[in-house]
Amino acid sequence: MWLVNFTCLTVVWTWCHCLHAGMLFPRESPTREIKELNGLWTFRADFSQNRNAGFEKAWFKRPLSETGPVIDMPVPSSFNDVPQDAQMRDFIGWVWYEREVWVPMRWLQDQSTRIVLRVGSAHYYSVVWVNGVLVTEHEGGHLPFEAEVGAVIRKDAGIPCRITIAVNNTLSLNTLPPGTIQYMTDHSKYPPGYFVQNINFDFFNYAGIHRSVLLYTTPEAYIDDITVQTTFLDSTGIVNYSVAVVGSDRPTVKVALVGKDGRCVATANGTTGILKVAEVNLWWPYLMHDNPGYLYSMEVRVQLTAESGDKDSYALPVGVRTVNVTESKFLINSKPFYFHGVNKHEDSDIRGKGFDWPLIVKDFNLLKWMGANSFRTSHYPYAEEILDVADRLGIVVIDECPGVGIKDIRSFDPISLDHHLVVMEELVRRDKNHPSVVMWSVANEPAAEMPPAGPYFKQLISHTKSLDSRPVTFITDSNYSRDQGAPYVDVICVNSYFSWYHDPGHLEVISIQLHSQFDDWYRKYQKPIIQSEYGADAVPGLHSDPPTMFTEEYQKTVLQNYHKVFDQKRKEFVVGELIWNFADFMTAQGITRVVGNKKGMFTRQRQPKTGAFLLRERYWRIANETGVLPTWAKYPCQ
Ligand code: BDP
């Protein structure tokens with residue numbers, strides 16, 4: 001089918017290769033430069049009947065403005081809400097982005113400079129050309145991809161370099177998240193060729209180039225990847241590292257660990273090794289220590305011989321901490337950790353899922369204000385920059401892949417599984433070094449009761465464990481006795497909406513149902529449990545007493561009823577509570593959504609509802625009770 005026939009594009013690479021190995025976040029260093037390509041790009045949506053005109057007429061071969069009308073489109077941003085046009089908002093198919101850029105002469109003249117084009121993320125399927133030459137393709141939103149483009153650019157030195165990116169947002173049974181295209185063939189009801197995109201997840205399928213596009217350089221012999229794993233023994237921190245170097249057979253690798261005060265605390269040589277740090281400053285979560293989020297800088301230098309100067313250098317932030325799970329506890333640095341946090345979305349007015357620093361900083365300020373110590377990246381990986389901030393602030397993260405809405409039995413086939421395995425590899429490769437990331441989530445609310453779910457999740461979870469030592473979970477809404485995936489996870493994460501989707505309006509049943517939920521799951525699995533979602537919609541400004549559904553009072557009362565049970569069960573085996581949701585967010589239109597999902601503690605514009613104040617009191621109280629709250633952070637203090 002034309003909308004999703006991505007594979008026909010695959011070609012034999014002659015010019016450049018896709019990078020399958022390391023995916024270090026681009027950082028400037030004495031040997032690396034970055035040129036950001038954010039700003040206004042030229043844009044056209046392909047409204048042709050088969051959505052394939054761009055490929056048939058080779059729009060990538062010439063400037064986009066020469067093949068038809070174009071409009072301005074900001075990058076990064078979702079395209080949907082930017083034009084004043086309902087057709088664009090709900091567009092399905094290929095959209096085309098283009099930007100011309102001057103590449104610095106010195107990059108081109110020095111033949112040994114590698115020039116890499118990197119897209120932070122684009123949703124969903126992307127094809128990239130430079131000066132009309134195909135340089136890479138990538139399947140999946142939310143994760144970065146890149147291609148080495150020096151050879152292509154050098155061929156046409158002297159003219160600006162033209163970057164064309166075609167992005168297709170069509171979801172099929174084998175994409176993550178899955179979806180289906182439905183053609184409406186009853187011509188008494190629909191015009192010829194009419195189709196809709198069906199999805200089984202509850203957020204708007206925003207699309208476009210969502211994160212930064214960069215050109216960056218490395219030397220020809222370069223640090224391709226770094227992996228660290230940390231632990232500690234008494235007061236000594238231990239950092240096991242390995243460095244992958246490409247472009248040199250026997251490189252000399254020197255590693256130094258530098259503290260916040262600029263003092264070097266450990267050194268080592270070689271592509272693998274151990275750094276030992278006396279009197280280590282451990283990485284602690286926010287509100288668990290006087291000095292949360294302590295990061296060392298691991299400075300890696302590569303020389304071609306022991307005598308030569310630095311060929312390449314890269315500084316990786318490193319937090320020294322451990323994560324362990326027992327039958328009833330989640331331990332960080334061997335101390336019990338209780339998640340009092342939120343589920344989020346990358347979502348805001350106009351930009352949709354587009355990366356936006358003011359929004360990100362505001363959200364972290366709100367988390368700190370609330371006394372939240374954690375969030376889950378529901379329902380897909382968030383921007384790397386967000387994880388960097390979480391590392392620095394000590395906010396703990398459950399890192400989720402886009403395995404959301406897997407409800408159709410046909411999506412449990414080998415093609416989907418293969419792709420799901422690749423996505424987990426890309427996710428772990430990207431996020432493995434972030435101390436804030438304490439657990440991987442492989443999916444949200446899959447149809448775990450279906451027979452194929454068992455083998456599917458067994459393989460997915462064991463593959464994820466083979467990539468990294470962190471605990472792995474998936475998020476369930478199934479009954480404990482029918483869940484095919486739970487036997488393989490380290491922590492049970494349960495979503496439930498008592499008195500909302502079940503027994504709507506009956507607040508009085510929350511307590512009994514929540515007790516049963518926890519006791520049933522624990523009896524069956526003896527694993528720690530996180531309430532990974534709970535909540536109720538509240539239209540801001542809507543009030544009623546006694547509480548009725550959709551009012552701020554009802555939302556608050558649902559939370560209070562849940563909290564009473566959490567307070568009993570957290571003395572036993574419940575290790576966390578994550579509210580659904582941090583803020584209101586956009587969804588597809590439907591009769592259960594009033595301009596989006598309104599379960600936020602904050603509005604979409606980040607103003608607090610009544611529930612936000614309730615959670616704030618609670619989270620600071622919990623932090624106080626643990627007895628480790630630093631002196632600077634007593635509530636209410638700010
Ligand atoms: C949960 C889903 C979440 C939804 C939420 C809701 O995991 O994505 O937004 O329900 O309906 O089951 O509000």
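Counting convention: from 1, in listed order, for ligands and their atoms alike.
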Item to check | Proximal atoms of ligand 1 relative to N597 (non-hydrogen, under 4.0 Å) | outcome: 6 (C), 9 (O), 13 (O)
Checklist entry - Heavy atoms only: which of R593, H345, E533, H379 is nearest to atom 1 (C) of ligand 1? => result E533
Checklist entry - Got the closest protein heavy atom to atom 4 (C) of ligand 1, with its distance? => result D202 OD2, 3.3 Å
Item to check | N444 and ligand 1 - part of the residue with a heavy-atom distance under 4.0 Å | outcome: side chain
Next on the checklist: Quick test of your reading of the structure: of F585, Y501, Y497, whose heavy atom lies closest to atom 11 (O) of ligand 1?
Outcome noted: Y501
Next on the checklist: Between D483 and K524, does any side-chain N to carboxylate O distance fall below 4.0 Å?
Outcome noted: no
Checklist entry - Does one side chain, of N200 or D408, offer a donor that lies under 3.5 Å from an acceptor on the other? => result no
Next on the checklist: Counting only heavy atoms closer than 4.0 Å, does ligand 1 sit against the backbone of N495, its side chain, both, or neither?
Outcome noted: side chain
Checklist entry - If you measure from the Lys or Arg side-chain nitrogens to the Asp or Glu carboxylate oxygens, is any gap between D519 and K569 under 4.0 Å? => result yes
Item to check | K599 NZ/CZ over Y497 ring centroid, <6.0 Å and within 45° of normal | outcome: yes
Checklist outcome for this item: Nearest non-hydrogen protein atom to atom 12 (O) of ligand 1, with distance, is E445 OE2, 2.5 Å
Next on the checklist: Heavy-atom pairs closer than 4.0 Å: do any link ligand 1 to the side chain of F201, the backbone, both, or neither?
Outcome noted: neither
Checklist entry - Which residue and non-hydrogen atom of the protein lie closest to atom 13 (O) of ligand 1, and at what distance in Å? => result K599 NZ, 2.6 Å
Checklist entry - Using 30° and 60° as the class limits, which term best fits the ring planes of F339 and F337: parallel, tilted or perpendicular? => result perpendicular
Next on the checklist: Is the ring pair Y554/W500 parallel, tilted or perpendicular, if the boundaries are 30 and 60 degrees?
Outcome noted: tilted
Checklist entry - Going by the angle between their ring planes, with limits at 30° and 60°, are Y619 and H340 parallel, tilted or perpendicular? => result tilted
